[in-house]
Amino acid sequence: MPDITAKPMLSRVADNLYWMSRYLERAEHTARVLAVGLMQTIDQNPRQAHPRWTRLLEAIGASSLADEEADASRITASLTFDAENPHSIVSCIASARANARQVREQISSEMWEQLNRVYLRVRASSAAQIWQGEPIEFYQRLKEGAHLFQGITDATMSHGEGWFFIQVGRYLERAGATAKLLDTHFQVYFAPEAEGIALLEFNDWVTLLKSCTAFEAYCKVYTADVQPPSVAEFLLLDSESPRSVRFAADRIERGLQAISRSTGSRWAGRAERLAGRLRASLDYGQVDEIMAEDMHAYLDAIRRQCGAIHAAIYQAYITYSVESAIVQ
Amino acid sequence: MLTERSAPEIDHPLFNSYTLDTAYDEMFTAEGRVRPPYMPLYRRLLELSAEDLHGRQRYADLTFLNQGITFTVYGDTEGTERIFPYDLLPRIITSSEWAVIEAGLKQRIMALNMFLDDIYHEGKILTDKVIPRELVYTCHHYRREMRGVDVPGKVYTSVVGTDLVRLPSGEFAVLEDNLRVPSGVSYMLTNRGVMKRAFPRLFAHTGVRPIDHYGQVLLTTLRSLAPVHRPDPTIVVLTPGVFNSAYFEHTFLARQMGVELVEGRDLLVHDSVVYMRTTAGLRQVDVIYRRIDDDFIDPLAFRPDSILGVAGLFNAYRAGNVVLANAIGTGVADDKAIYAYVPKIIQYYMGVEPILPNVETYLCEDDRQRAYVLDHLDKLVVKSVGESGGYGMLIGPHSTGEERERFRRLIEYEPRNYIAQPTLQLSRAPCFVDGAVEPRHVDLRPYILNSGDDQITIVPGGLTRVALRKGSLVVNSSQGGGSKDTWVLFE
């Protein structure tokens, strides 16, 4: 039954909240990946560092930057401050803010102020400036800024329809990003040695976990014995880690259920069904089976399902046709 | 008896750079004595160091920036957001001064609404030749589409922001009626919020009337327009979008009222009914507080190239299925040439003299008046009749020969489009500028909410705009003006 006391939400507002959340999640993910990349390569020579940067760049969809001359300072400058680069942190935060700005009366003032502060801080910094100081500290502060925004969101905004659109946006983005990150690492893991790609070391798996802020949580479950199958199991199938794909799928499904309860939408079934199927496949997944089959195809399928859920949400709530809405 | 008078307060070192001239000074009398309502502020200023004041100013600026209380400057490629410069020192209006302003504005708004109803129906005032028919029909903002359209409650203007200036005599006069989509009320409200944090104790000592209920009164005003058969009307604020200079204000008002902020693309018209697109399907809209000009509101009825409006909205409006506030076509009554006739409009409909005077105005359309204007371009202010926001004007005494020549040609080419007024000595109020207290020219824009049937509410306050550049007479935010909090006292 639709909740008749709830005020309906403009489709555009839902769209803005969803993308605000996705863009901020993307910016945070990039900040995290850059910070651990810096940490890992800071004491390596360019020959060692290069394949690692190539992998990280591929994981955040910015392979085009991975040319021969790419070094840490150029990569971080471009992915952090280059407003022309759509993958850069500054672009993502500006997009998150532009979306938030269009729904200022929907989100709490505290949320807007926090997002605006993060934006003004990134705008006021420059690559030269952070390399003068401590670059890793800069990314740390950025992550904290994004976490604070999430905390403020949970503490100050009603947990109604809009909040669930924020949740769905965040976890769809996270599920896709984590799947991609796993994919880039396991493609190397499974590649035949003959291709000459440096084999992954212990250190690389730790980096992967840290890129998902999951190293400590991993150690609590598996101890510091870092093995690729355990890493895959943890980041894909763990039911409690907020960074695992399964956890994200669960939140997406719950969010969509809550949204369809509050809107009573007649077209919501498809998005919920797709999200439920993704969640269930992860609930009952076995890491040994996944790794025995084509893991790349498996991870790719997860990302495709995320895309299908996104499309179904749009069809149900945002870009539905006027004819279908008027004809009762 | 102590008859010996102490030195004038203005002699204090804090006021070293504070000079009095022929303009009315809000804080000091001509003898340099503090006017009584300003005494608590004066005493507080003497207690504070320049460093204290700087600290408070920085704090206020940061608050505005972090809250994103900004406006967009047009003609700048990036659509730069700037904070509206804010001056720390409040402008004070006594309760007896306010009583005159309030009565004068109510009278004026009632008369202008009767005028609008008349010219879009019978046109008695035109038949009686009180106002030349051509003057009304040639007005750029006259909308012939509105002829014969009955507006609910005969309320054409629900929200008005009238610009007042204080003349050297101390008397308030009306400079402009803004009857279309007046902006700035969010600054009135946020200025007060910042001021309460910067000078908490001063409020208690001065006795300032609250203004926080503006949002609620606005909502009541808009509700009163809804059709009676829609007991729980859906009210929305319609904004041109995030690139509009007043976008912050649109979000602010929607939030204050707890209603939806919509853009044209969120609305659609089907069978002359307006709907908004929500996640739960389409929902009918009853009252639209629109912050989009007439020209852009419906590409089918007005400018076809508008992408901000809603196709079919005007038909839904004519059919009575939706109410627009303000009504379409109100701009004819704030045309600067019609302005010159407002005292006659008040006399004609209300049979009384205007309480608030007009500023002397020369109509360039009139041959004799035009000749006078062209002879005195260096002394007068020339304004384009349909513009607002300080665009399209010439300030004679501050102009170059080249600018005057340009306006001379403009006036001769299209005399109906221009009026001229004497260069007014706007009153001056103390401002905190570069570490010192100095006088700057100010005006005052109170906000009037009209529900019809003599139900007119004016929240006691307004936006005091300041020409922050020394000597400047232009207070518009788009032209480097700032603002300050406005205090109307209980007594």
Side-chain angles (χ1 to χ4, degrees), chain A residues 2-4 6-18 83 97-110 112-121 161-162 164-165 259-268 313-314 316-328, chain B residues 62-70 72 78-81 83 186 190 193 215 232 234-244 247-271 273 275-285 311-312:
Chain A
D3 177 4
I4 51 158
K7 267 176 54 178
M9 168 173 280
L10 285 178
S11 299
R12 177 180 51 81
V13 169
D15 183 42
N16 287 140
L17 292 173
Y18 174 85
R97 179 178 178 273
N99 276 284
R101 194 160 173 238
Q102 296 192 46
V103 291
R104 274 195 61 166
E105 81 294 351
Q106 299 287 336
I107 60 178
S108 67
S109 323
E110 291 86 351
W112 164 256
E113 282 178 39
Q114 172 58 18
L115 187 50
N116 200 29
R117 261 197 295 273
V118 171
Y119 168 79
L120 293 172
R121 196 156 66 213
E161 195 185 334
F164 283 110
F165 270 108
I259 290 168
S260 80
R261 266 198 310 279
S262 79
T263 57
S265 172
R266 290 166 288 149
W267 315 282
I313 292 170
Y314 265 65
Y317 299 111
I318 295 167
T319 49
Y320 55 81
S321 74
V322 172
E323 289 73 16
S324 66
I326 284 177
V327 179
Q328 296 294 328
Chain B
L62 196 64
T63 309
F64 282 117
L65 187 64
N66 278 341
Q67 293 184 4
I69 305 179
T70 53
T72 312
E78 265 194 44
T80 316
E81 292 167 41
I83 63 166
S186 59
T190 50
D232 187 17
T234 299
I235 294 164
V236 298
V237 177
L238 175 61
T239 173
V242 68
F243 296 108
N244 186 267
Y247 182 72
F248 162 72
E249 175 155 306
H250 306 158
T251 64
F252 180 88
L253 291 174
R255 185 206 284 272
Q256 290 271 314
M257 291 191 286
V259 306
E260 226 48 73
L261 177 70
V262 303
E263 296 178 19
R265 59 192 161 123
D266 296 322
L267 301 181
L268 57 99
V269 180
H270 183 82
D271 271 352
V273 174
Y275 297 95
M276 62 179 175
R277 180 188 275 276
T278 79
T279 56
L282 301 180
R283 155 165 289 224
Q284 186 175 344
V285 173

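Residue Arg283(B) holds its CZ atom at 13.0 Å from CE of Met9(A), rounded to the nearest 0.5 Å. Taken from CD in Glu263(B) to CZ in Arg12(A), the straight-line distance is 4.0 Å, to the nearest 0.5 Å.
Only the backbone of Val259(B) comes within contact range of chain A, with at least one heavy atom under 4.5 Å from a heavy atom of that chain. In this structure, the portion of Ile107(A) lying under 4.5 Å from any heavy atom of chain B is its backbone and not its side chain. In this structure, no portion of Glu110(A) lies under 4.5 Å from any heavy atom of chain B. Within the 4.5 angstrom heavy-atom criterion, atoms from both the backbone and the side chain of Leu10(A) approach chain B.
Contact annotation: the side chain of Gln106(A) approaches that of Glu260(B) to within less than 4.5 Å [non-hydrogen atoms, C-beta and beyond].
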Practice item. Start with the C-alpha distance between Phe252(B) and Arg104(A), add both sets of side-chain angles, then the distance that settles side chain to side chain contact (heavy atoms under 4.5 Å, CB included), and finish with yes or no. Key: CA-CA 8 Å; Phe252(B) 180 88; Arg104(A) 274 195 61 166; over 6 Å; no
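Minimum heavy-atom separation, Ser11(A) to Thr279(B): OG-N, 3.7 Å. Here the closest non-hydrogen pair linking Tyr320(A) and Arg277(B) is O-NH1, 2.7 Å. Across every non-hydrogen atom of Arg255(B) and Ser108(A), the tightest pair is NH2-C, 4.1 Å.
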